[in-house]
Amino acid sequence: MSSVSRRVPLRWVAAGMLAVALVLAGIVSYYASRSPDGLNRVAQDNGFSNTQKAHGTNESPLAGYSSSGVDNQRLSGGLAGVVGVLVVLTLAGGLTYVIRRRPRPRVEDPGPEPGDRQTVA
């Protein structure tokens, strides 16, 4: 009985991860809880939620986890999620590319420190 291990190319793994992220952002996110959480919940529980002010990007195309100009709520949220995933992955990929292309400084081996014991073979 032979055990053959096959390696999956990184390209296929990355494509699978991208597909999962897009499905989660575009479809599954619609079924997330609509109940307030985090700071919104704390503000409601403590009675100061009515003091909030509009954010500076409140009129942006993807504000409020939805896409402006899209009337269907499910499609609007899914589209905002997909665009968000693509923007984040593009920025992360670009940053990774820039960092990997930067030349690394060469570190010379300084050799043994003075006073270090050396064993003779």
Side-chain angles (χ1 to χ4, degrees):
M1 193 159 95
S2 170
S3 173
V4 178
S5 68
R6 291 180 17 159
R7 295 185 62 160
V8 178
L10 179 61
R11 198 172 289 190
W12 286 104
V13 173
M17 292 170 65
L18 176 63
V20 169
L22 291 174
V23 166
L24 289 174
I27 298 171
V28 177
S29 64
Y30 179 75
Y31 299 102
S33 174
R34 300 282 183 220
S35 299
D37 60 350
L39 292 176
N40 291 333
R41 180 59 188 238
V42 170
Q44 285 180 355
D45 290 348
N46 292 309
F48 62 89
S49 64
N50 57 348
T51 63
Q52 68 184 356
K53 297 176 185 173
H55 193 270
T57 60
N58 200 28
E59 300 297 322
S60 69
L62 300 175
Y65 301 106
S66 62
S67 305
S68 62
V70 180
D71 295 330
N72 184 326
Q73 184 181 4
R74 181 177 287 193
L75 181 60
S76 176
L79 184 60
V82 167
V83 169
V85 165
L86 293 176
V87 166
V88 168
L89 290 179
T90 300
L91 290 174
L95 182 62
T96 302
Y97 179 76
V98 167
I99 289 172
R100 290 186 72 190
R101 298 285 298 166
R102 201 174 59 188
R104 295 185 188 172
R106 295 186 71 110
V107 178
E108 299 288 329
D109 183 16
E113 291 288 323
D116 281 351
R117 286 187 172 186
Q118 295 183 2
T119 57
V120 179

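Here the structure is a predicted model, which is why all the values come from computation and not from measurement. Nothing fancy with the numbering, it's 1 onward along the sequence.
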ask   = Does OH belonging to Y30 count more than 12 external heavy atoms closer than 6.0 Å?
value = yes
key: Spacing of Y97 atom OH and I99 atom CD1 [to the nearest 0.5 Å]   = 13.0 Å
ask   = Atom CE in M17, atom CG in L89: separation rounded to 0.5 Å?
value = 8.5 Å
task = Would you indicate whether the side-chain heavy atoms of V98 and R102 approach each other to under 4.5 Å?
result = no
Contact list for residues 39-64, test salt bridge (charged side-chain N to carboxylate O under 4.0 Å, His left out), sequence neighbours left out = R41-D45
inquiry  = Do V20 and V28 land in one hydrophobic cluster if side-chain heavy atoms of ILVMFWY residues count as linked below 4.5 Å?
reply    = yes
request  = Following the transitive rule for hydrophobic clusters with a side-chain heavy-atom cut-off under 4.5 Å over Ile, Leu, Val, Met, Phe, Trp and Tyr, establish whether L62 and L91 coincide in one cluster.
outcome  = yes
remark   = The salt bridge (charged side-chain N to carboxylate O under 4.0 Å, His left out) partners of R74 (sequence neighbours excluded) come to none
query = Closest approach of A25 and S29, non-hydrogen atoms and distance?
reply = O-OG, 2.6 Å
Gap between atom CG of L39 and atom CG of N46 - 0.5 Å precision = 11.0 Å
task = Can you measure from CZ (R100) to CG (L95) and round to the nearest 0.5 angstrom?
result = 12.5 Å
Could you list the donor-acceptor pairs under 3.5 angstrom formed by side chains in residues 75-87, with sequence neighbours left out?
{"residue": "S76", "atom": "OG", "partner": "S67", "partner atom": "N", "Å": "2.6"}
{"residue": "S76", "atom": "OG", "partner": "S67", "partner atom": "O", "Å": "3.1"}

